[in-house]
Amino acid sequence: MNRTSCVSLLQLSRVGFRLCASKAPSTQLPHTSTSSPVPCTRSYSTNVIVRSYLQYMKRKIISPPSPPYSHVCQVGDPVLRSHAAAVDPSAITGSEIQQVINTMVKVMRKLECVGLSAPQIGVPLRILALEYPQMMLEESSPASREVRGLSVQPLRIFVNPQLRVLDGQKVLFQEACESISGFSATVPRYRSVEVSGLNEKGEAVTWQASGWPARILQHEMDHLDGVLYIDRMDCKSFININWQAHNE
């Protein structure tokens, strides 16, 4: 993909992925009675979006945001199920790609998450970021650090990353995702992997990771292929992380 293609794809992400993947066919309810019409008080169609008058007026005055977003796209957004496109290496240091990378880092740190992919901010390009700060590590118990393989990781950016499995053994741990806000599930991941690609400067980099960093890498790599953790999870382990609060 050349520089023009990258810019075109970014422009497409600003308009194309905001549209519904498909439109429901128009249907009419059967006429049951002329004397006693049944009022329709609620729509059960998942394709109908009901906005309040205030939301309507807001959109009339203020244009909706465009990618790269300062928020994380939620499951249901078509961009999360798309296969992200490769980035032209010559475009990495350009303003468009740098804006995407800077926005990813800003959103990741704002939400205090440890990894993020470009599709999660509405840009279908093969870019991922991860970071595990010291402060976050200190919030975990020594036992949890050892069992999960937690470790401090500096900010790492990978463009057009390729993953290679180093240890075929899989481990099970609870996993969450900012694009499926409020939920979690047990997901099997390889214990050790290697990632290679380009960094934010367009330089070739390779990194071997094990434990939790390896899990983060696999999670974010999945996003680049339109895969979510719910596609790999143990279905019976899927929970609302606030379920106890709902009972109080």
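Position 1 is the first residue of the sequence, and the numbers go up from there.
- Taken together through direct or relayed side-chain contacts under 4.5 Å among Ile, Leu, Val, Met, Phe, Trp and Tyr, Leu172 and Met233 form parts of separate hydrophobic clusters.
- Distance OG/Ser82 to CG/Asp77: 8.5 Å, rounded to 0.5 Å.
- Residues Ser184 and Ile239 meet the side-chain proximity criterion, which asks for heavy atoms closer than 4.5 Å.
- Not a single side-chain hydrogen bond (donor to acceptor under 3.5 Å, both in side chains) links Asn247 to another residue, sequence neighbours left out.
- The shortest heavy-atom contact between Gly122 and Cys73 is N-SG, 3.6 Å.
- For Gln244, the side-chain hydrogen bond (donor to acceptor under 3.5 Å, both in side chains) criterion is met by no residue, not counting sequence neighbours.
- Among all heavy-atom pairs drawn from Pro161 and Leu224, the shortest one is CG-CD1, 3.6 Å.
- Connection of Val123 to Val107 is established within a shared hydrophobic cluster, with ILVMFWY side chains joined at heavy-atom distances below 4.5 Å, either directly or through further cluster members.
- Contact of the Tyr132 side chain with the Leu150 side chain is registered, since non-hydrogen atoms from C-beta on lie closer than 4.5 Å.
- Taking each heavy atom of Pro67 and Ile121 in turn, the nearest pair found is CB-O, 3.9 Å.
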Enumerate, atom names and distances included, each donor-acceptor pair closer than 3.5 Å involving a side-chain atom of residues 133-143, sequence neighbours excluded.
from, atom 1, to, atom 2, distance (Å)
Gln134, NE2, Glu138, OE2, 3.2
Ser141, OG, Ser144, N, 3.1

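- Side-chain N or O atoms of Gln74 include one that pairs as donor or acceptor with a backbone N or O of Glu178 at under 3.5 Å.
- In this structure, CD1 on Ile97 lies 8.5 Å from CG on Asp88, to the nearest 0.5 angstrom.
- Residues forming a salt bridge (Lys or Arg N to Asp or Glu O under 4.0 Å) with Arg148 (at least two apart in sequence, or on another chain): none.
- Note that CD1 of Ile157 and CG of Leu130 are 8.0 Å apart. Values are rounded to the nearest 0.5 Å.
- Residue pairs that meet the ring-ring contact (aromatic ring centres under 6.0 Å, His included) test with at least one member in residues 151-194, sequence neighbours left out, are Phe173-Trp212, Phe183-Phe238.
- Two residues are said to be in side-chain contact when any heavy atoms from C-beta on lie closer than 4.5 Å; Arg126 and Asp225 meet this criterion.
- With sequence neighbours excluded, no residue forms a side-chain hydrogen bond (donor to acceptor under 3.5 Å, both in side chains) with Asn160.
- Rounded to the nearest 0.5 Å, atoms OG1 (Thr93) and NZ (Lys201) are 11.5 Å apart.
- In terms of the side-chain contact (heavy atoms from CB on, under 4.5 Å) criterion, residue partners of Gln162 (sequence neighbours excluded) are, by chain and number, Ser196.
- When every heavy atom of Asn242 is checked against every heavy atom of Asn240, the shortest pair comes out as N-OD1, 2.8 Å.
- Side-chain contact between Pro68 and Met104: absent, with no pair of heavy atoms (C-beta onward) separated by less than 4.5 Å.
- Under the 4.5 Å side-chain heavy-atom criterion for ILVMFWY residues, no single connected hydrophobic cluster contains both Trp207 and Leu198.
- Residue-environment remark: CD (Glu146) stays at or below the threshold of 12 foreign heavy atoms within 6.0 Å.
- Legend: residues meeting side-chain hydrogen bond (donor to acceptor under 3.5 Å, both in side chains) with Asn199, ordered by chain and number and at least two apart, are Glu203.
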Between Gln174 and Thr186, does a side-chain hydrogen bond (donor to acceptor under 3.5 Å, both in side chains) hold up when you go through it step by step? CA-CA 4 Å; Gln174 204 76 7; Thr186 299; 2.8 Å; yes
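- For Asp234, there are no salt bridge (Lys or Arg N to Asp or Glu O under 4.0 Å) partners two or more places apart in sequence or in a different chain.
- In this structure, the side chain of Gln218 does not engage the main chain of Pro188 through any donor-acceptor pair within 3.5 Å.
- Residues Val187 and Val147 do not share a hydrophobic cluster, clusters being chains of Ile/Leu/Val/Met/Phe/Trp/Tyr side chains in contact below 4.5 Å.
- Nearest heavy atoms, Gln120 versus Cys177: NE2-SG, 3.8 Å.
- Contact check for Arg81 versus Leu228: side-chain heavy atoms found under the 4.5 Å cut-off.
- Taking the salt bridge (Lys or Arg N to Asp or Glu O under 4.0 Å) definition, one finds that Arg156 meets it with nothing, sequence neighbours left out.
- Between the side chains of Gln153 and Ser151, at least one donor N or O sits under 3.5 Å from an acceptor N or O.
- Proximity of a side-chain donor or acceptor of Arg215 to a complementary backbone N or O of Val171 within less than 3.5 Å is detected.
- Between Glu175 and Arg232 there is no salt bridge, since no side-chain N of the basic residue sits under 4.0 Å from a carboxylate O of the acidic one.
- Residues Gly115 and Glu220 approach most closely at C-OE2, 3.1 Å, considering heavy atoms.
- The salt bridge (Lys or Arg N to Asp or Glu O under 4.0 Å) contacts involving residues 97-118 comprise Arg109-Glu131, where partners must be two or more places apart or lie in separate chains.
- Contact annotation: the side chain of Leu217 approaches that of Leu128 to within less than 4.5 Å [non-hydrogen atoms, C-beta and beyond].
- Judged by distance alone, with hydrogens and angles left aside, the side-chain atoms of Asp167 form a donor-acceptor pair with the main-chain N or O of Gln169 at under 3.5 Å.
- Annotation: the span from Met221 atom CE to His223 atom NE2 amounts to 12.0 Å, rounded to 0.5 Å.
- Under the rule for a salt bridge (Lys or Arg N to Asp or Glu O under 4.0 Å), the partners of Glu194 that lie at least two apart in sequence or sit in another chain are Arg164.
- Val195 and Leu116 fall into different hydrophobic clusters, where Ile, Leu, Val, Met, Phe, Trp and Tyr residues are linked whenever their side-chain heavy atoms come under 4.5 Å apart, directly or through other members.
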